[in-house]
Amino acid sequence: MNLAQKTRAKPKTLLYAIGQFLLTLFYYPVFRLRVVGRENIPKTGPVLLCCNHMAKRDPVMLGVASRRQVFYMAKQELFQSKFLGRILRGLGAFPVRRGSGGADALADAYKLLDENAMVGVFIEGTRSKDGLLQRPKTGAALLAYRTKVPVVPACITAGDGGLPRKFKKHVVVFGKPIPAEELRIPDDSSLQLRKASRVIMGEIAALREQTLKELGLPSQQEAAASKPEQAVKEP
């Protein structure tokens, strides 16, 4: 399934547009948010937005930093209430069931990409406990292989290089899109998907290093050297 040639963008839902406007008024002053590279997000067509993950508020932070709506997966349990489920779907969330291996969420992601949406993936699969980057999972690479859509790397960095907190400076950087063919994924074997995941993670790491340098902070390697057990591990 090659979706890369699509030329429209899935429009924002009304609830998302309202929420984005209101939360922008809150997030920029409270989290001292600075956005770099917003122009790197394609204005049309399907996109995979791959980012590091440090806090529960990361989806909101990316949402206010991007002009396009970002669609995310969320725990199935959150959709058990019909009222909350409607709100979440209106905000662009789609459910993933425990024990399904993510097959249901991948099917929803394929459908959204076919509708020219931008689907957000936190490639590490879980939140960092200290702000350092973690080992990537292979879900984003699998989506890129099967849909051939471009991958936009993104990185959220707190002003002190650690975890995000209120009234601390935060920088969100969007990198240049990675065409699916540049990931060189010949098949969907675990080996090839891990290789592609490392390529994507390498781009995110480069964005983080650029931001850390601009902030006058130690690099990821220097920070990890003081916590060797928490350094990024190779898959």
Side-chain angles (χ1 to χ4, degrees), residues 8-96 105 108-109 111-113 115-124 126-128 131 140 152-175 177 204 207-208 211 215:
R8 293 182 298 168
K10 185 176 177 66
K12 295 179 186 178
T13 62
L14 177 61
L15 186 59
Y16 187 95
I18 294 171
Q20 185 182 48
F21 172 76
L22 295 176
L23 288 169
T24 294
L25 300 177
F26 174 79
Y27 265 69
Y28 274 83
V30 171
F31 291 98
R32 299 172 59 198
L33 186 59
R34 182 167 72 93
V35 181
V36 179
R38 189 186 280 123
E39 68 280 1
N40 289 325
I41 299 174
K43 293 182 173 135
T44 60
V47 177
L48 274 175
L49 180 65
C50 293
C51 189
N52 63 319
H53 196 15
M54 297 194 295
K56 291 181 179 179
R57 64 178 70 93
D58 288 347
V60 180
M61 192 165 289
L62 284 180
V64 300
S66 166
R67 292 190 178 95
R68 289 184 63 174
Q69 179 166 357
V70 188
F71 294 80
Y72 295 101
M73 64 181 69
K75 294 187 297 183
Q76 172 70 33
E77 292 82 355
L78 297 174
F79 292 81
Q80 289 177 351
S81 163
K82 289 184 179 180
F83 177 72
L84 181 57
R86 284 175 186 158
I87 292 177
L88 289 172
R89 289 184 187 280
L91 291 172
F94 53 97
V96 56
D108 284 333
K111 183 175 184 297
L112 285 164
L113 291 169
E115 296 171 352
N116 302 306
M118 180 162 68
V119 174
V121 178
F122 292 110
I123 193 169
E124 298 155 302
T126 187
R127 295 191 299 273
S128 172
V152 172
C155 188
I156 301 172
T157 304
D160 61 359
L163 294 175
R165 289 183 175 82
K166 293 177 182 176
F167 305 110
K168 180 195 292 186
K169 185 175 183 179
H170 296 78
V171 182
V172 177
V173 183
F174 297 104
I204 295 172
L207 297 177
R208 179 172 168 82
T211 303
L215 293 171

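Here, residue 1 is the first one in the sequence, and each next residue gets the next number.
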Worksheet, complete the sentence: The complete set of salt bridge (Lys or Arg N to Asp or Glu O under 4.0 Å) pairs with one or both residues in residues 19-37, sequence neighbours excluded, reads R34-E214
Worksheet item: side-chain contact (heavy atoms from CB on, under 4.5 Å) with F79: which of I87, L88, L84?
Response: L88
Response to the item:
From the list T211, V171, D58, side-chain contact (heavy atoms from CB on, under 4.5 Å) with I156 holds only for D58
Item to complete: Begin with the C-alpha distance, continue with both residues' side-chain angles, and end with the deciding distance and a verdict on side-chain contact (heavy atoms from CB on, under 4.5 Å) for L33 and V64.
Response: CA-CA 10 Å; L33 186 59; V64 300; 3.7 Å; yes
Shortest non-hydrogen contact from [X] to [Y]?
| X | Y | answer |
| --- | --- | --- |
| V152 | G175 | CG1-O, 3.6 Å |
| C50 | I204 | O-CD1, 3.6 Å |
| A158 | L215 | O-CD1, 4.0 Å |
| L48 | A140 | CD1-O, 3.6 Å |
| N52 | C155 | OD1-CA, 3.2 Å |
| R68 | P42 | NH1-O, 2.8 Å |

Practice prompt. Apply side-chain contact (heavy atoms from CB on, under 4.5 Å) to the pair L62 and F174, showing each step before the final yes or no.
Written response: CA-CA 10 Å; L62 284 180; F174 297 104; 4.1 Å; yes
How long is the gap from [atom1] on [X] to [atom2] on [Y], to the nearest 0.5 Å?
| X | Y | atom1 | atom2 | value |
| --- | --- | --- | --- | --- |
| F71 | E115 | CZ | CD | 8.0 Å |
| F122 | M54 | CZ | CE | 10.0 Å |
| F31 | F26 | CZ | CZ | 5.5 Å |

Fill in: K168, NZ atom: more than 12 neighbouring heavy atoms under 6.0 Å
yes
Item to complete: Check whether more than 12 heavy atoms from other residues, nucleotides or ligands sit under 6.0 Å from atom CZ of R86, and answer yes or no.
Response: no
Worksheet item: Within the side chain of H170, is there an N or O that forms a donor-acceptor pair under 3.5 Å with the backbone of R165?
Response: yes
Worksheet entry | Exam field: side chain T13 to backbone G90, donor-acceptor pair closer than 3.5 Å | yes
Item to complete: Let me see the working for K10 and Q69 under side chain to side chain donor-acceptor pair (under 3.5 Å), right down to the final yes or no.
Response: CA-CA 8 Å; K10 185 176 177 66; Q69 179 166 357; over 6 Å; no
Discussion item. Assess the residue pair T44 and R8 against the criterion (side-chain contact (heavy atoms from CB on, under 4.5 Å)); give the C-alpha distance rounded to whole Å, side-chain angles, the decisive distance to 0.1 Å, and a yes or no.
Written reply: CA-CA 5 Å; T44 60; R8 293 182 298 168; 5.6 Å; no
Practice prompt. Applying side-chain contact (heavy atoms from CB on, under 4.5 Å), run through V70 and Y16 and close with a yes or a no.
Written response: CA-CA 9 Å; V70 188; Y16 187 95; 4.1 Å; yes
